[in-house]
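Some notes on the structure that comes next.
Each chain gets a letter, A, B and so on, in the order the sequences are listed, and its residues count up from 1.
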Amino acid sequence: MSTIRITNTLAREKQVFEPIDPANVRLYVCGPTVYDRAHIGNARPVVVFDTLFRLLRHVYGAGQVTYARNITDVDDKIITAARENGEPIDDLTRRTTEAFHADMGALNALKPSVEPCATQHIDDMIALIQRLVATGHAYAAEGHVLFSVPSDPAYGQLSRRDREEMIAGARVEVAPYKQDPADFVLWKPAADGEPGWDSPWGRGRPGWHIECSAMSAKHLGETFDIHGGGQDLIFPHHENEIAQSHCGTDGQFARYWMHNGYLVVHGEKMSKSLGNFFTVKELLDAGWAGEAIRLVLLSAQYRQPLDFNRDKLADATANLDRLYTALRNTADVETADGGPPPALTDALADDLNTPEALAQLYEAGHALNKATGADAKARAKAELQAGGRLLGLLEQDPEAWFKGAGDDAEAAEIERLIAERTQARRNKDFATADKIRDDLKARGIVLEDGPEGTTWKRER
RNA sequence: GGCCCGGUGGCAGAGUGGUGAUGCAGGGGACUGCAAAUCCCCGCACGUCGGUUCGAUUCCGGCCCGGGCCUCCA
């Protein structure tokens, strides 16, 4: 069994991963707030932790891993967006959730084991808040319930900052009902027309952080293995989750914290507030393959910043072309049994070193191209496919990759022209043969003559 | 101001105390009617100044540059 090492943000160092229960490895990742289409910055953690999920399933067994990723469907931004659109909140959150699923599906992300919605867990959140109030870690004030940061001596362990600093650097106005400037909201009153639930503190809605504490405890237990998310969630979101959970439950909460780096554009962080983002949908509509987007996201190690641009998409597309070419050329070879190249698994097990894993995947593709003899080809093909599967790549039919979703009539016409050209070539009528090839090229169809005949693909 | 990350060949991007990343682009060759694809070969890089060391891109310290967080954010 491979030893997995991960960089634990709690310790700021790479540690050997030891699951609490190898028969049920538990992973929680912060999911989207469903008010708007996902941009590729949102897609990065999805793809990164999907790859971790695949690795964990490979190492511990597909049935031995529970992956929870929440949907935040109650939030100020949702209320604002719904108001601006003149759309009922339920419609907005349902529509956005569906779009999120479609976009992440296009990136070949597996579905998490469980995808809890905040609005389905209000009772759990209220119960957790009650317990925090009862133990003196929270207090009610003016219809709000606030977490008392001074009540938690361990507060700040994840983000490595102390309270004085936070207060000194605070850039928000301190609400008058706070006992301490660092205190944060667990529950807030709902205005008329806003979503709200009855609670011991009146009609209201939960604060942002409490949902993850409540839902992870419910679906994974009060102590679980890995909690993941973007670096920008370290503070305050994850810091506050830790405070709520360890003060409000008996468990120690997540044992390993993993945080992915930002996506950047021209060196600057991509974010909705800066407006310098592309949505996944825009990229797909522009003709980029979801698989190519995924490959770009895997091309840098997850903790590093990643500059996302068209050159990288083109690069990734070319790389996939090469690997799918190897698979296409061995379409008649039956795949042998066997797993991914050990070096590829080792690379992933080393804190998800996806660039190294990809280098191993390219090596596997190269090996398949060079393999001679049925057995060697079958083994090489197995390694390439299994390696691809571990990374969430190369899972489609090569013909589909190259030909896209064209209609049958067009495909038949192309085949007819290829036959015509083959005949011309037999007759040494190269002028006709080249004209057919050039005409098709002008239509974006590229022909390749091989020993087994001529194949075609769509230019990207 | 406090706290975090980074600075690797034309580009992207791993890694390492002393020989190899890998991909793209580029050059040469094989194959091909010509291409394409594929295969073979090639450039030998680590911000800066010191320190440790037989030896540092890799460890330590200073400096310069870039990015991020400090309660909207993946």
Side-chain angles (χ1 to χ4, degrees), chain A residues 9 12 29-33 35 38-49 75-77 80 149 156 159-162 164-174 181-185 207-209 228-237 239-240 259-264 266-274 277 295-296 299-301 303-307 309 311-312 314-319 321-322 325-326 328-329 347 350 353-363 365-366 368-370 425 428-431 433-434 437-438 441 446-451 454-457:
Chain A
T9 308
R12 302 282 149 112
V29 175
C30 291
T33 301
Y35 69 104
H39 67 69
I40 39 174
N42 304 119
R44 189 176 194 188
V46 173
V47 167
V48 163
F49 292 107
D75 175 271
D76 289 355
K77 289 196 290 290
T80 306
V149 168
S159 57
R160 304 233 162 149
R161 61 188 84 211
D162 63 39
E164 316 307 320
E165 285 165 11
M166 284 182 296
I167 294 161
R171 63 183 182 189
V172 290
E173 249 177 274
V174 177
D183 292 350
F184 58 90
V185 170
W208 174 35
H209 316 295
Q231 235 162 39
D232 45 359
L233 296 182
I234 293 175
F235 190 87
H237 185 52
E239 194 69 73
N240 292 352
H259 291 98
N260 62 274
Y262 300 114
L263 235 67
V264 298
H266 303 307
E268 269 196 323
K269 180 184 170 186
M270 178 184 290
S271 71
K272 288 192 175 168
S273 41
L274 287 175
F277 61 90
L295 181 51
V296 172
S299 67
Q301 206 267 353
R303 282 182 290 107
Q304 301 303 326
L306 171 63
D307 210 312
N309 55 54
D311 286 351
K312 283 189 175 146
D315 226 47
T317 304
N319 277 315
D321 275 342
R322 192 157 37 82
T325 297
R328 180 189 228 186
N329 291 341
D350 182 15
N353 188 341
T354 50
E356 176 63 30
L358 289 170
Q360 296 301 330
L361 190 71
Y362 299 146
E363 181 52 44
H366 187 59
L368 178 56
N369 281 329
K370 284 179 68 173
R425 290 176 71 213
K428 306 273 188 217
D429 179 5
F430 296 121
D434 290 352
R437 186 169 64 191
D438 292 344
K441 168 97 167 136
V446 179
L447 301 190
E448 290 174 10
D449 301 328
T454 300
T455 57
W456 64 273
K457 66 184 180 191

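A cation-pi arrangement, defined by a distance under 6.0 Å to the six-membered ring centre and an angle within 45 degrees of its axis, is present between A/Arg322 and A/Tyr362.
With P as the reference atom, B/G1 and B/G62 are 16 Å apart, rounded to whole Å. When the C1' atom is used for both B/G18 and B/C59, the distance is 15 Å, rounded to whole Å. Only the P atoms considered, B/C49 is 11 Å distant from B/U57, to the nearest whole Å. Rounded to whole Å, the P atom of B/A12 lies 27 Å from the corresponding atom of B/C4. Here, B/C72 and B/G20 have their C1' atoms 47 Å apart, quoted to the whole Å. The same atom, P, is picked in B/A21 and in B/C46; the two are 13 Å apart, to the nearest Å. Taking the P atom of each, B/U38 and B/G67 are spaced 39 Å apart, rounded to whole Å. To the nearest whole angstrom, the two P atoms, one in B/A45 and one in B/C54, are 25 Å apart.
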Polar pairs (N or O, both sides) under 3.5 Å between protein and nucleotides 13-15 of chain B?
unit_1	atom_1	unit_2	atom_2	d
B/G13	OP1	A/Lys312	NZ	3.4
B/A14	OP1	A/Gln301	N	2.7
B/A14	O3'	A/Asn353	ND2	3.1
B/A14	O2'	A/Asn353	ND2	3.3
B/G15	OP1	A/Asn353	ND2	3.4

Taking only nitrogen or oxygen atoms into account, show me every contact under 3.5 Å that the protein makes with nucleotides 28-31 of chain B, one pair per line with its distance.
none

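In this structure, CG of A/Asn42 is placed 17 Å from P of B/C72, rounded to the nearest angstrom. What separates CZ of A/Arg303 from P of B/G7 is a distance of 12 Å, to the nearest Å. Between A/Glu363 atom CD and B/G23 atom P there is a gap of 8 Å when expressed in whole angstrom units. As rounded to whole Å, 10 Å separates atom C1' of B/A74 from atom CZ of A/Arg44. In this structure, the CZ atom of A/Phe49 is 14 Å from the P atom of B/A74, given to the nearest Å. Between the C1' atom of B/G23 and the CG atom of A/Leu295 lies a distance of 10 Å, rounded to the nearest Å. Rounded to whole angstrom, the span from the NE2 atom of A/His259 across to the P atom of B/C69 amounts to 14 Å. The separation between A/Asp76 atom CG and B/C73 atom P is 10 Å, rounded to whole Å.
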**Study point:** CA sep, side-chain torsions, deciding dist, call: A/Phe277, A/Asn42, side-chain contact (heavy atoms from CB on, under 4.5 Å)
**Key:** CA-CA 10 Å; A/Phe277 61 90; A/Asn42 304 119; over 6 Å; no
Exercise for review: Evaluate salt bridge (Lys or Arg N to Asp or Glu O under 4.0 Å) for A/Lys269 paired with A/Asp232, printing each intermediate quantity in order.
Suggested key: CA-CA 11 Å; A/Lys269 180 184 170 186; A/Asp232 45 359; 3.7 Å; yes
**Study point:** Full working for side-chain contact (heavy atoms from CB on, under 4.5 Å) between A/Leu306 and A/Ser299
**Key:** CA-CA 9 Å; A/Leu306 171 63; A/Ser299 67; 4.1 Å; yes
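A/Tyr362 comes within contact range of the sugar-phosphate backbone alone, with a heavy-atom separation under 4.0 Å but no base atom that close.
Between B/C72, B/A21, B/C70, one nucleotide has an atom nearer to the side chain of A/Ala359 than all others, and that is B/A21.
Relative orientation of the A/Phe184 and A/His209 rings is perpendicular, given thresholds of 30° and 60° on the angle between their planes.
In terms of polar N and O atoms assigned as donor or acceptor, the side chain of A/Lys77 never comes within less than 3.5 Å of the base of B/C73 in a complementary pairing.
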Revision key, fill the gap. Going 5' to 3' through nucleotides 32-43 of chain B and flagging B where a protein heavy-atom sits under 4.0 Å of the base, S where only the sugar-phosphate is that close, and - otherwise, we get -BBBBSSSS---
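Side-chain N or O atoms of A/Glu448 include none that pairs as donor or acceptor with a backbone N or O of A/Thr455 at under 3.5 Å. Looking only at distances, a side-chain donor or acceptor of A/Asn309 sits under 3.5 Å from a matching main-chain atom of A/Lys312. A donor-acceptor pair under 3.5 Å is absent between the side-chain atoms of A/Glu356 and the main chain of A/Ala347, judged by distance alone.
The residue among A/Leu358 and A/Phe184 whose nearest nucleotide of RNA chain B is located toward the 5' end is A/Leu358. Nucleotides of RNA chain B nearest to A/Glu268 and A/Gly230 differ in position, and the one nearer the 5' end is that of A/Glu268.
Here the closest heavy-atom approach between residue A/Val296 and residue A/Ala316 is recorded as CG2-CB, 3.7 Å.
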